Amino acid sequence: MDFPFKRILSTENETKFVADFFSKTLGGCDTVLLTGDLGTGKTFFVRSVCSNWGIENVSSPSFAIVNEYHNGKKIFHFDFYRIKKVEELFDIGFEDYLSRAEAVTFIEWADLFEEVLPKNNFHVHFDFIDNFTREITITKNE
Ligand SMILES: Nc1ncnc2c1ncn2[C@@H]1O[C@H](COP(=O)(O)OP(=O)(O)OP(=O)(O)O)[C@@H](O)[C@H]1O
Ligand SMILES: [Mg+2]
């Protein structure tokens, strides 16, 4: 996959196809930031990527702040949407999660607390086109 990557996703299956393609470019310790309005498909994308790794039970972590999955690979799945103050992130040990180099970390609503994000990341952004259609933009920052 070449970056920046931009594509119109007209169906859920097209989103799954791009997620499959993207999952193959991810290393063992990458951080993936996900942004875009409510319901644009951030969780759907994380679920699709993880499904390629044999992890099928991915759900939105918004109440827990973070979900962890293990299946050979280790996955941390954050959602910043319900966090009011950055201290809440420090309280759950956010920095320790990031320093655990062997895990892939996904962060939905990452733009709400830009100050805590690693500079090395993939940024996956969704724009809503209509009920079935999204535009995805993936950039690689280093
Ligand atoms: N082309 C498409 N790609 C992905 N999802 C789609 C597409 N068309 C429709 N959808 C639907 O859009 C919804 C996206 O919901 P999802 O929970 O993934 O959004 P989200 O960005 O995580 O929202 P939130 O900000 O609440 O966390 C799903 O119900 C999915 O079925
Ligand atoms: Mg979500």
Side-chain angles (χ1 to χ4, degrees), residues 1-100 102-141:
M1 184 175 254
D2 294 324
F3 302 101
F5 175 94
K6 199 185 258 295
R7 185 149 311 169
I8 297 289
L9 307 167
S10 308
T11 62
E12 290 181 357
N13 273 343
E14 286 184 27
T15 303
K16 284 184 189 164
F17 182 83
V18 169
D20 179 20
F21 195 27
F22 178 65
S23 69
K24 294 183 169 66
T25 75
L26 279 179
C29 58
D30 284 320
T31 302
V32 183
L33 314 177
L34 299 113
T35 61
D37 287 344
L38 281 171
T40 44
K42 300 177 291 297
T43 302
F44 187 94
F45 190 80
V46 176
R47 189 181 300 131
S48 302
V49 170
C50 288
S51 149
N52 283 300
W53 296 331
I55 299 164
E56 299 293 353
N57 53 340
V58 170
S59 60
S60 177
S62 44
F63 288 100
I65 302 180
V66 59
N67 287 342
E68 296 190 28
Y69 302 97
H70 306 257
N71 180 7
K73 260 189 192 344
K74 192 176 285 180
I75 316 291
F76 300 138
H77 181 192
F78 286 87
D79 190 331
F80 285 179
Y81 188 67
R82 284 168 203 284
I83 297 175
K84 295 191 177 63
K85 291 182 298 180
V86 73
E87 284 74 20
E88 293 174 47
L89 280 173
F90 297 140
D91 286 347
I92 61 159
F94 180 72
E95 290 158 314
D96 298 334
Y97 279 99
L98 287 187
S99 64
R100 282 152 76 181
E102 77 284 13
V104 179
T105 302
F106 296 94
I107 307 176
E108 295 191 40
W109 288 99
D111 46 334
L112 294 180
F113 293 99
E114 283 178 338
E115 63 271 36
V116 302
L117 303 175
K119 297 281 171 285
N120 274 308
N121 61 59
F122 291 96
H123 179 192
V124 181
H125 180 76
F126 295 93
D127 285 305
F128 186 89
I129 309 290
D130 66 31
N131 275 349
F132 307 104
T133 313
R134 313 288 188 257
E135 183 180 64
I136 188 171
T137 308
I138 309 180
T139 47
K140 185 176 185 176
N141 299 306

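Just so you know, ligand 1 is whichever comes first in the structure, and atom 1 is the first atom listed for that ligand. Remember, predicted model here, so these are calculated numbers, not experimental data.
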Checklist entry - Have Thr137 and His125 got a donor and an acceptor in their side chains that come within less than 3.5 Å? => result no
Next on the checklist: Can you tell me which residue among Val32, Val104, Val58 is in a side chain to side chain contact (heavy atoms under 4.5 Å, CB included) with His77?
Outcome noted: Val58
Next on the checklist: Would you compute the distance between atom CD of Glu12 and atom CZ of Phe44 and round it to the nearest 0.5 angstrom?
Outcome noted: 4.0 Å
Next on the checklist: Atom OH of residue position Tyr81 - does it have more than 12 heavy atoms of other residues, nucleotides or ligands inside 6.0 Å?
Outcome noted: no
Item to check | N, O or S atoms of the protein lying under 2.8 Å from the Mg ion (ligand 2) | outcome: Thr43 OG1, Glu108 OE1
Item to check | Aromatic contact, Phe106 with Phe45 (centres under 6.0 Å) | outcome: no
Checklist entry - Phe94 and Phe113: aromatic ring centres closer than 6.0 Å? => result no
Checklist entry - Taking only residues at least two apart or on different chains, which pairs with a member in residues 37-56 satisfy salt bridge (Lys or Arg N to Asp or Glu O under 4.0 Å)? => result none
Next on the checklist: Give me each pair satisfying salt bridge (Lys or Arg N to Asp or Glu O under 4.0 Å) with a member in residues 66-95, each pair once, sequence neighbours excluded.
Outcome noted: Lys74-Glu102
Checklist outcome for this item: Expected contact list for ligand 1 at under 4.0 angstrom, heavy-atom basis, is Leu9, Thr11, Glu12, Thr15, Asp37, Leu38, Gly39, Thr40, Gly41, Lys42, Thr43, Phe44, Glu108, Trp109, Asn131, Phe132, Arg134
Next on the checklist: Run the salt bridge (Lys or Arg N to Asp or Glu O under 4.0 Å) test on Lys24 and Asp20 for me, step by step, so that the C-alpha distance in whole Å, both residues' side-chain angles and the decisive distance to 0.1 Å come before the verdict.
Outcome noted: CA-CA 7 Å; Lys24 294 183 169 66; Asp20 179 20; 2.6 Å; yes
